[in-house]
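Written out below as structure tokens is the structure these notes cover.
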Amino acid sequence: MGETVRAVVCSVCSMWEVRVNTVVPDDHTCRRCVQLQLLSDRVRIIREVEAEIDSYQEVVTPKNQEVGRWVMVQRGRGSRQREQSTPAAIPINNKYTVQDTVDGDDLPGMSCSGPASGTEVEPSTRKGRREEKRAIVLGYSIVRGADRRFCGADWESRMVCCLPGARVRDISDRVQAILESEGMNPDVVVHVGTNDVGKVSEGVLLREFRELGVKLKGRTSRVTISGLLPVPRASEAKNRMIMHINTRLRAWCRKEGFRFLDNWSLFQGHWDLFRRDGLHLNRRGTNILAGVFASAARGGGGLN
């Protein structure tokens with residue numbers, strides 16, 4: 001008995017497929033579409049597992065002091081004295097790259113942390129530190145993870161405050177509360193503004209930077225403004241706008257006596273330093289940016 005060869009149409013992709021001695025249903029799906037569906041299911045499962053793992057990476061710390069949507073997390077040697085009574089947080093790292101992204105820039109809540117974040121400081125110890133030289137980074141979600149390098153061995157005197165989705169006015173509204181207990185004349189590095197581009201006019205954005213500058217100047221003489229980074233997935237016109245904003249910020253910083261960090265050449269065209277969402281930095285990019293912050297806090301580089 002001879003073989004029967006039939007050409008059938010896939011109900012999914014509408015492509016022809018040759019089948020031999022097979023009864024084919026009306027809703028036939030070709031082998032390619034079946035394989036593609038299986039791969040999609042695997043990716044979906046991996047992402048679900050990754051999302052569940054990532055949810056355990058945020059350690060809930062007791063005795064947090066809330067200021068609006070900000071959470072002021074205190075640090076200090078007191079944590080070492082309580083290690084026996086406080087369960088240690090188990091770090092869970094993400095070994096996959098498929099989920100090395102952040103969906104949007106609107107995660108709720110602020111975190112202020114160093115490598116020993118979430119620990120309590122004894123009142124006497126905290127009082128004694130008010131005279132120490134402090135260094136603080138303020139910014140939106142792109143500074144998340146910068147504490148690993150910025151704080152380094154100086155975790156008692158350094159801090160990174162991250163408010164996902166923050167715009168310039170959000171930092172301005174809360175900067176006094178953040179710096180209230182940070183000693184005399186702290187080093188303050190501010191990285192913000194990308195979330196404002198395209199949402200407010202350039203004039204409004206620069207005015208809000210000036211208002212932020214007034215508040216910073218009233219608290220410290222050591223202010224560093226970190227320039228906006230290029231956005232890999234943005235149009236050429238938008239990146240030109242960001243460059244122009246940086247130029248005006250540089251001139252404003254020179255006038256006010258602030259340090260300006262020009263990060264453009266470090267990241268322009270180096271899209272391998274960004275996550276797949278095309279907005280946030282991956283770990284390598286974050287470490288580079290944190291290194292720039294650390295240099296600025298040490299007084300390196302001078303005024304730009």
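Considering CZ of R207 and CZ of R210, their distance stands at 7.5 Å, rounded to 0.5 Å. The CD atom of E211 lies 11.5 Å from the CG atom of L206; values are rounded to the nearest 0.5 Å. L216 CG to Q176 CD: the interatomic distance, rounded to the nearest 0.5 Å, is 9.0 Å. Considering CG of L281 and OG1 of T286, their distance stands at 4.5 Å, rounded to 0.5 Å. Rounding to the nearest 0.5 Å gives a distance of 8.5 Å between CG of D262 and CE of M243. From E182, atom CD reaches atom CZ of R134 across 4.0 Å, with rounding to the nearest 0.5 Å.
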Determine whether V190 and V188 satisfy the following criterion, side-chain contact (heavy atoms from CB on, under 4.5 Å), listing intermediate values before the conclusion. CA-CA 6 Å; V190 179; V188 181; 4.0 Å; yes
Evaluate salt bridge (Lys or Arg N to Asp or Glu O under 4.0 Å) for E236 paired with R240, printing each intermediate quantity in order. CA-CA 6 Å; E236 184 178 350; R240 281 200 303 266; 3.2 Å; yes
Please assess E202 against R248 for the test side-chain contact (heavy atoms from CB on, under 4.5 Å), listing each intermediate value before the final yes or no. CA-CA 10 Å; E202 185 176 316; R248 297 190 64 178; 3.0 Å; yes
Let me see the working for T224 and D187 under side chain to side chain donor-acceptor pair (under 3.5 Å), right down to the final yes or no. CA-CA 8 Å; T224 299; D187 274 310; 5.8 Å; no
Should E208 and S172 be marked as a side-chain contact (heavy atoms from CB on, under 4.5 Å) after you check the CA-CA gap, both sets of side-chain angles, and the distance that decides it? CA-CA 8 Å; E208 291 178 348; S172 184; over 6 Å; no
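Within the 3.5 Å criterion, the main-chain N or O of R275 finds no donor-acceptor partner in the side chain of N282.
Every residue was checked against the salt bridge (Lys or Arg N to Asp or Glu O under 4.0 Å) condition with R233, not counting sequence neighbours, and none meets it. Shown here are the ring-ring contact (aromatic ring centres under 6.0 Å, His included) partners of F267, two or more places apart in sequence or in another chain: there are none. The ring-ring contact (aromatic ring centres under 6.0 Å, His included) search around W264 returns none, not counting sequence neighbours. Remark: K217 engages E256 in a salt bridge (Lys or Arg N to Asp or Glu O under 4.0 Å) (not counting sequence neighbours). With sequence neighbours left out, the side-chain hydrogen bond (donor to acceptor under 3.5 Å, both in side chains) criterion links T220 to N185.
Using a 4.5 Å heavy-atom cutoff, the side chains of S295 and V292 are not in contact. Between T194 and L229, every side-chain heavy-atom pair lies at or beyond the 4.5 Å cut-off. Contact annotation: the side chain of S226 approaches that of N263 to within less than 4.5 Å [non-hydrogen atoms, C-beta and beyond]. Side-chain atoms of F293 and V160, non-hydrogen and from C-beta on, never get closer than 4.5 Å to each other. Contact check for L138 versus I136: side-chain heavy atoms found under the 4.5 Å cut-off. Here the side chains of I225 and R259 are not in contact, with every heavy-atom distance at 4.5 Å or above. Annotation: side chain of F209 is in contact with side chain of L249 (closest heavy-atom distance under 4.5 Å). Side-chain contact between P186 and R219 is present, with heavy atoms from C-beta onward closer than 4.5 Å.
When all heavy atoms of I171 and L212 are compared, the pair lying nearest together is CG2-CD1, 4.0 Å. Scanning all heavy atoms of the two residues, the minimum distance from S141 to H280 falls at OG-NE2, 2.8 Å. Listed here is the closest heavy atom pair of A297 and R158: CB-NH2, 3.9 Å. Taking every heavy atom of both residues into account, I142 and H191 meet most closely at CG2-CD2, 3.5 Å. Of all non-hydrogen atoms in N195 and A166, the two that sit nearest each other are ND2-O, 3.0 Å. Taking every heavy atom of both residues into account, C162 and V143 meet most closely at CB-CG2, 3.8 Å.
In this structure, R167 forms no cation-pi arrangement with Y140, as its terminal cationic atom is not both closer than 6.0 Å to the ring centre and no more than 45° off the ring axis.
Residue pairs meeting the ring-ring contact (aromatic ring centres under 6.0 Å, His included) criterion with at least one member in residues 228-256, sequence neighbours excluded, are W252-F258.
Looking at D272 and R284, a side-chain N of the basic residue comes within less than 4.0 Å of a carboxylate O on the acidic one, giving a salt bridge.
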